[in-house]
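Just so you know, these numbers come straight off a predicted model, no measurement behind them. Below, chains carry the letters A, B, ... as their sequence lines are ordered, and counting in each starts from 1.
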2 protein chains.
Amino acid sequence: MVTRDDVAKHAGVSVAVVSYVINNKAIVKEETRQKVLRSIEALGYNPNLAARSLKTKRTNQYGVLFNNLGNPFETGISLGLEEKARELGQSLIFQTFLRAEEEKLKTIFMGRTDGLILLGQSLQETTVQYFGKLGLPVYSITTPVHAHPSVRCIDIDWYKAMTDLLRHLKELGHTRIAFMGNANAEHPHHVRYLQFRRALEALGLSFDPASLMQADGRLESAYGVMKSHLADTSRLAFSAIVCANDLMAIGVLSACKDRGLAVPRDLSVAGCENILMASHTTPSLTTIHYPRRESGFLAVECILRREGGDAAQEAAEHLEHKLIVRESTGECRA
Amino acid sequence: MVTRDDVAKHAGVSVAVVSYVINNKAIVKEETRQKVLRSIEALGYNPNLAARSLKTKRTNQYGVLFNNLGNPFETGISLGLEEKARELGQSLIFQTFLRAEEEKLKTIFMGRTDGLILLGQSLQETTVQYFGKLGLPVYSITTPVHAHPSVRCIDIDWYKAMTDLLRHLKELGHTRIAFMGNANAEHPHHVRYLQFRRALEALGLSFDPASLMQADGRLESAYGVMKSHLADTSRLAFSAIVCANDLMAIGVLSACKDRGLAVPRDLSVAGCENILMASHTTPSLTTIHYPRRESGFLAVECILRREGGDAAQEAAEHLEHKLIVRESTGECRA
DNA sequence: TTGTAAGCGTTATCAA
DNA sequence: TTGATAACGCTTACAA
């Protein structure tokens, strides 16, 4: 390996000067600077990042915890994260978050990371404190970590989003609207459920608890839940269903197809997130667009500047959702 | 930050002993070992990974270069990589590969990586040599880097896979079969195209050059190409089409739907890879299953053991594809 | 079985 | 404007 010492020797200067040149300290005489640069080029030298990190206490690496990269929603955010990180000269370490291995995070990231970005997880008290003590900022996309105000959250305004979607359904004549998703407090979809309920109420519609379809976010899960629901029920208690994400909506579509239910004639189906597939299903899916790339951008920008909560929150307010009306929602005929 | 020195002081031993304990050197007396462990626990100590890397020249990190994580195929492989890496205590740095920034890889990964895993890219001569000189192994999934035998490639046997698929189509009576994909030599789909042609020939079928539909792998691209092809053509010159990946096949399905072409009645459509969506389109998609997770496993296992080419190649031969017949292919009626 | 001390490749302080 | 040199936190001979 070519080290800075080799460069110094080759250029006939001291090791310090090489450092100065690399780090663009202005003090170096242009002539020596060129000499050093030529040596760097000639030897093919690249600074050892581990050594630099050790000295500077800065890694230019961030840990990204995801639940399931197979979910195009998380993937979309990751793409935004990666793009912005690269632009700003930062690297990302991607890891599946496993609750059982939360403790390991401390070990894995020690001295290797300048902060953490969560894609919907809720860390434990002690973990957050640990990183806080180390001065490592933690940002969360989509899921507020209520217990820890130090963890900043980046998300769209789900109340507004749900209001847009429900108003659309109401205008089509729907009054009995179901919800599919995981409504438990620890789940990332909890916020969506809560705001769905709030928006529903604000529009003067009531919610039948029996119309809460618990599914875990995966397509197969939604498919299974809907299929057995349709098997058990002679007549649906709702004319429209809002799914916490598009994957589940697609699962619902599949189940309806299997059971001979026509969408949107017999049932209107809406998703959230607007993943690519949402526009290529049959029928195509009405959904709420979530600015995934932009939220990734924002997270990296904020964490790099270590901006306090206010700035992040303010920026997050500019994260705009958008109602996308397609074929899967139609007039209520029931 | 708590360092090893703090632990040593707290436990009343020398720094070396702390290291011995951490690295499980057997020589430490059980009593002192416990004492040290208690101190580690009490202080909440975790070894600084940058410092360790600097000393040991081992990072337990691997760089993963992808083209587009938005593609579920790459995502699937990444999930396999991540799962196995975590199991083996390794971390992954994910980066989009940009040809224009290939040079930067040397800088970004210097001293921070034990090797590179490519998801379909072809690195330049100099880059490969650079990493070779550093002793960093490079593995490629799906795309052989012909110029560099040192870069090991992990892939399924596309000749066999295409033969299975084409035999299926032939049995349905198809003789005029189109191909959609990027057939250029540098593109990851090139292998699929080549083996498609070989398999076609081996089955005694001929290929009409006009039936090569160039699309870049994305759904939208395929959709556009197919749509304009259908607009320009009064009568299709083929009765079946094989797409180099499922995304494009889904785009073709969309285009057919838009143009009022019934699949598989008017046209049989097949994809490759068997992504999740392939079983949820209308009609569902006939395709070749690619063991994405397994190929990710294999890549990490091989790169960790720094296994030579033969072992990797042999292992890769156990990577089994599988023909999945669904609704999108049917009897030839033309 | 434990301790001392020399590095790993940097950065940064302080003199020169 | 440059050059010594002391860290950074760790591993690992080698000595004790």
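Taking atom CZ of R58(B) as the reference point, atom P of dG9(C) lies 17 Å away to the nearest angstrom. When the C1' atom of dG7(C) is taken as reference, atom CZ of R4(A) falls 13 Å away, rounded to whole Å. Here the P atom of nucleotide dT11(C) and the NZ atom of K55(A) are 10 Å apart, to the nearest Å. One can place CG of N23(A) at 13 Å from C1' of dG9(C), the figure rounded to the nearest angstrom. With rounding to whole Å, L54(B) atom CG is found 5 Å from dG9(C) atom C1'. Atom CG in N60(A) sits roughly 14 Å away from atom C1' in dT11(C) (whole-Å rounding). Here dT11(C) presents its P atom at 14 Å from NZ of K57(A), a figure rounded to the nearest Å.
Sorted by first and then second residue, the pairs that involve residues 75-117 of chain A and meet ring-ring contact (aromatic ring centres under 6.0 Å, His included), not counting sequence neighbours, are F94(A)-F94(B). The ring-ring contact (aromatic ring centres under 6.0 Å, His included) analysis of residues 63-83 of chain A, with sequence neighbours excluded, yields the pairs F73(A)-Y290(A).
Considering all non-hydrogen atoms of both residues, T142(B) and D155(B) come closest at O-OD2, 3.0 Å. Taking every heavy atom of both residues into account, D114(B) and K57(B) meet most closely at OD1-O, 4.4 Å.
Heavy-atom distances under 4.0 Å link DNA chain C to A16(A), S19(A), Y20(A) of residues 12-22 of chain A, given in residue order.
For the residue pair E74(A) and N68(A), no side-chain donor N or O sits within less than 3.5 Å of a side-chain acceptor on the partner. E186(B) and S122(B) form no side-chain donor-acceptor contact under 3.5 Å, judged by distance and modelled atom types alone. No side-chain donor-acceptor contact under 3.5 Å links S91(B) and R112(A).
Note that K84(B) lies in the cation-pi zone of F297(B), set by a 6.0 Å cut-off to the ring centre and a 45° limit from the axis.
Counting non-hydrogen atoms under 4.0 angstrom, R52(B) reaches the backbone sugars and phosphates but no base. Note on S53(B): nothing from the nucleic acid sits closer than 4.0 angstrom, heavy atoms only.
Residues that satisfy the ring pair (Phe, Tyr, Trp, His ring centres under 6.0 Å) test with H10(B), not counting sequence neighbours, are absent from this structure.
Of the charged side-chain nitrogens involved, none lies within less than 4.0 Å of a carboxylate oxygen, so that K35(A) and E31(A) do not count as a salt-bridged pair.
For the helix from dT1(C)-dA16(D) to dA16(C)-dT1(D), the axis fitted to the five pairs at one end and the axis fitted to the five pairs at the other end meet at an angle of 40° (nearest 10 degrees).
In summary, contact between chain B and DNA chain D, defined as any nucleotide atom under 4.0 Å from a heavy atom of the protein, begins and ends at dG9(D) to dC14(D) in the 5' to 3' direction.
For the pair T113(B) (side chain) and G63(B) (backbone), a donor-acceptor distance under 3.5 Å is present.
If T56(B) and T32(B) are placed on DNA chain C by their nearest nucleotide, the residue sitting closer to the 5' end is T32(B).
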